[in-house]
2 protein chains.
Amino acid sequence: MDTVERAPANLPGPAAEAAGTARDAAGDAPAPKRTRARTTASMADVARLAGVSSQTVSRVSNGYAGVNEKTRRQVLAAMKELGYRPNSAARALKRGEFRTIGVITFTLSTTGNVRTLEAIATSAAHEGYAVTLLPVALPTQAEVRGAFSRLEELAVDAVIVIMEVHLLDAATVQLPPHVQVVVVDSDAGDHYTVVDTDQAGGTRAAVRHLLDLGHRTVWHLGGPEGSFAAQRRTDAWRAALVEAGRVPPPLVRGDWSAESGYRAGLELAAHDDCTAVFAANDQMALGLLRALHERGRRVPEDVSVIGFDDIPEASSFLPPLTTVHQDFAEVGRLCVRAVLRKMRQVGPERGTTLVPTRLVRRDSTAPPPEHP
Amino acid sequence: MDTVERAPANLPGPAAEAAGTARDAAGDAPAPKRTRARTTASMADVARLAGVSSQTVSRVSNGYAGVNEKTRRQVLAAMKELGYRPNSAARALKRGEFRTIGVITFTLSTTGNVRTLEAIATSAAHEGYAVTLLPVALPTQAEVRGAFSRLEELAVDAVIVIMEVHLLDAATVQLPPHVQVVVVDSDAGDHYTVVDTDQAGGTRAAVRHLLDLGHRTVWHLGGPEGSFAAQRRTDAWRAALVEAGRVPPPLVRGDWSAESGYRAGLELAAHDDCTAVFAANDQMALGLLRALHERGRRVPEDVSVIGFDDIPEASSFLPPLTTVHQDFAEVGRLCVRAVLRKMRQVGPERGTTLVPTRLVRRDSTAPPPEHP
DNA sequence: GCGGCTGATGTTTGCGTAAACATCGTGTAC
DNA sequence: GTACACGATGTTTACGCAAACATCAGCCGC
């Protein structure tokens with residue numbers, strides 16, 4: 001821990017030998033007013049100590065070739081002694097890039113957003129980029145606009161937006177020029193670059209699974225209106241039923257939360273002919289399971305339930321939940337790749353990339369009861 | 001978008017007339033070699049267009065007093081026309097601060113970390129600070145060291161670490177000087193500034209609640225060894241029992257995941273004398289509930305279960321989970337406050353701040369069965 | 001032996017901003 | 001009416017870095 005305590009800038013005389021003695025003059029003489037204690041050593045300091053030009057320090061710092069091995073070693077030693085760290089502000093100013101990606105998202109309350117964010121951060125780090133978080137408290141236009149106006153001053157080279165793009169457009173966002181944007185949870189593939197889970201494919205798999213088990217039709221516990229993902233799942237659910245010649249029951253809506261799933265579940269439990277429910281996410285499925293349990297409808301004997309997301313807890317539900325697995329890590333990875341490509345001006349400017357899903361069969365689905 | 005294309009730097013003499021008409025000239029004449037299309041307007045560009053000095057633009061930009069209202073308006077108009085955005089790299093370089101806080105954390109798989117991070121981001125935004133994420137894939141020393149070495153070059157003024165500080169120490173971290181650190185999930189209050197949930201208080205409340213219900217003792221499903229929070233809960237659990245004159249049963253460990261709670265639950269279900277279990281988090285409690293259910297032990301009639309965290313889903317478990325509510329938002333808020341105070345050199349350098357918990361009674365706890 | 005090349009290094013310059021200092025009217029006190 | 005304060009603005013400078021260019025040995029080929 002001692003390394004943290006050290007204050008390399010004020011070392012008494014160690015730097016004097018070996019090279020330049022000019023430092024002492026600088027250290028003391030000037031007006032002692034507020035000394036300002038230079039916080040970090042600069043390239044110039046290192047250069048002085050190593051007896052080279054600052055440009056050579058720069059070359060070493062950036063790992064350029066063309067520096068004599070002996071010189072390089074001297075410089076490295078000087079850097080170490082002074083505790084030199086390149087100043088990223090100066091670097092960014094000079095290079096014109098921050099090596100940082102901004103991520104705008106709503107509250108991190110949904111598993112999907114968190115997982116995606118995590119993957120983005122990891123992938124970005126891998127590429128030498130940092131990730132700056134721009135939280136938006138509420139999905140209102142004012143909030144979104146606020147986030148973007150913060151962004152305007154922010155040190156980012158690109159932005160990944162994890163939310164329905166309509167809010168973005170509606171907020172009359174004015175992005176800093178040359179800042180690339182990639183969007184998740186949106187259908188704006190013709191205006192933006194979009195990366196998303198294959199909502200439709202996953203939904204189709206879920207519905208088909210239930211129909212294959214023998215259910216006459218499938219009810220749907222949908223997500224909130226604002227969400228594109230929710231909309232997409234609802235549309236796909238309806239389409240899959242129609243395609244199979246079934247009649248879609250009325251839609252029941254929740255807001256992604258388990259609590260809303262519970263409330264919707266109480267409603268669904270009242271329908272005796274409801275033998276299969278496709279919940280738009282696992283949390284709502286959880287609430288649904290509780291409601292069904294309370295109303296004495298057994299899962300999966302009386303009612304089959306299928307979720308979406310495959311959160312880690314899904315396998316521990318009662319009963320373990322059959323669900324559609326989303327590969328959030330892949331989504332995050334692709335976001336970073338897409339945004340970097342856009343920055344480097346390779347790859348398509350717009351269009352949607354879909355990440356496939358996978359149906360995970362557990363114990364919450366079964367054939368319908370003999371005669372309901 | 002046209003504002004982007006414009007190359008304000010090369011304007012010949014437009015500044016002369018209030019709102020120049022000389023723009024056309026700039027587009028053609030200059031050497032067409034890679035034009036480099038200046039990406040953004042600088043203060044100088046705005047100054048030229050507004051017919052003032054760049055310093056005045058700076059004053060307007062920073063909202064300083066002492067600028068004539070008319071002048072200010074001119075400047076603002078010019079800014080708007082050029083789509084001017086202050087360059088944060090230059091600003092950071094000049095001011096010597098980035099207005100950014102780095103957050104180091106393990107994978108965002110635990111609710112607590114995510115909630116805390118979210119609160120940190122929100123509070124920081126409130127204070128005009130951005131948050132940069134430094135994900136650490138695995139809690140190994142090498143990984144932690146890697147994160148910190150990335151950090152060394154990173155544009156942050158302070159760091160909040162959400163993890164057991166031992167890993168940090170062990171990684172022989174060398175922090176940039178003058179970068180303040182605040183830590184969550186740690187007992188290093190004497191070396192660092194620590195903000196944490198009152199683990200002991202929450203645990204005591206949980207244990208007492210169960211004892212008050214009439215249980216002879218309370219079993220404990222603990223978290224992983226590396227975690228300070230887990231350790232603290234385990235210690236407090238044992239202490240609370242001893243204090244009440246009870247004999248602590250053997251400790252059962254999980255790794256925070258529901259799956260591990262399930263495995264541990266199978267084990268616990270085998271003990272007929274186990275009538276009350278305190279799980280170190282809600283996810284493990286979920287798995288525990290499933291295991292008990294599978295083994296035919298009813299909750300709460302046969303076994304009482306209590307969790308820790310109060311994740312949103314807890315109220316939808318079967319049965320709804322009694323648990324200890326953690327105020328992650330407050331933890332995050334206090335982290336930001338502490339770190340900003342340290343930067344401004346007010347407030348104590350080290351020491352621990354505890355955030356109180358609250359017991360949330362739901363349906364998973366009840367008096368023990370008559371004669372077990 | 002000379003021109004030119006290569007590798008290693010130094011020098012100059014400018015990125016965009018804002019602190020510090022300088023200037024310049026205008027009014028106000030005496 | 002001179003002195004002086006004050007408000008409004010302009011000028012200079014430095015933040016730390018790295019691209020572009022300059023220098024300067026040593027070495028090669030002919």
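Just so it is clear: chains get the letters A, B, ... in the order the sequence lines come, proteins before strands, and each one is counted from 1.
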(request) Quickly work out the B:L82 CG to C:dG16 P distance and round it to whole Å. (result) 13 Å
(message) Nearest whole Å is fine: how far is C:dT26 C1' from B:N68 CG?
(response) 13 Å
(request) Kindly point out which of D:dG16, C:dA18, D:dA19 is positioned nearest to the side chain of A:Q55? (result) D:dA19
(request) Grab the CG-C1' distance between B:D45 and C:dG14 for me, whole Å please. (result) 14 Å
(message) By the 4.0 Å heavy-atom rule, please label B:V57 as base, sugar-phosphate, or nothing.
(response) nothing
(message) Please report the interatomic distance CG(B:L49) to CE(B:M79), rounded to the nearest 0.5 Å.
(response) 11.0 Å
(message) Between P on C:dT13 and CZ on A:R95, what's the gap in Å once rounded to a whole number?
(response) 23 Å
(message) Counting only side-chain nitrogens and oxygens, does A:Y64 get under 4.0 Å of the OP1 or OP2 atom of D:dA19?
(response) yes
(message) Rounded to whole Å, please give me the gap between CE in B:M79 and P in C:dG16.
(response) 15 Å
(message) Is the phosphate of D:dC17 approached by A:Y84 (side-chain N or O, under 4.0 Å from OP1 or OP2)?
(response) yes
(request) Could you check B:L93 against B:E69 and say which one's nearest nucleotide on DNA chain D is further toward the 5' end? (result) B:E69
(message) Output the rounded distance in Å from CD (B:E97) to P (C:dA19).
(response) 11 Å
(message) Rounded to whole Å, how long is the line connecting atom CZ of A:F98 with atom C1' of C:dC15?
(response) 11 Å
(message) Strictly below 4.0 Å: does A:S42 bring a side-chain N or O up to OP1 or OP2 of D:dG16?
(response) no
(message) Can you measure A:M43 atom CE to D:dA19 atom P for me and round it to whole angstrom units?
(response) 10 Å
(message) Tell me if a side-chain donor or acceptor on A:T122 pairs with a main-chain N or O of A:E118 at a distance below 3.5 Å.
(response) yes
(request) Kindly say whether A:V57 contributes a backbone atom to a donor-acceptor pair with the side chain of A:S61 at under 3.5 angstrom? (result) no
(request) Kindly give the heavy-atom pair with the smallest separation between A:V339 and A:V159, and that separation in Å. (result) CG2-O, 4.0 Å
(message) Both B:K94 and B:R59 contact DNA chain C. Taking the nearest nucleotide for each, which residue is further toward the 5' end?
(response) B:K94
(message) Mind checking if B:T71 touches a base, just sugar-phosphate, or nothing, with heavy atoms under 4.0 Å?
(response) sugar-phosphate
(request) Verify the contact: side-chain N or O of B:T56 to OP1 or OP2 of D:dG10, cut-off strictly under 4.0 Å; return yes or no. (result) yes
(request) Measure from the side-chain heavy atoms of B:A90 and tell me the nearest of D:dC17, C:dA19, C:dT17. (result) C:dT17
(request) Could you tell me whether the side chain of A:M43 reaches within less than 4.5 Å of the side chain of A:S58, counting heavy atoms only? (result) yes
(message) Strictly below 4.0 Å: does A:R91 bring a side-chain N or O up to OP1 or OP2 of D:dA18?
(response) yes
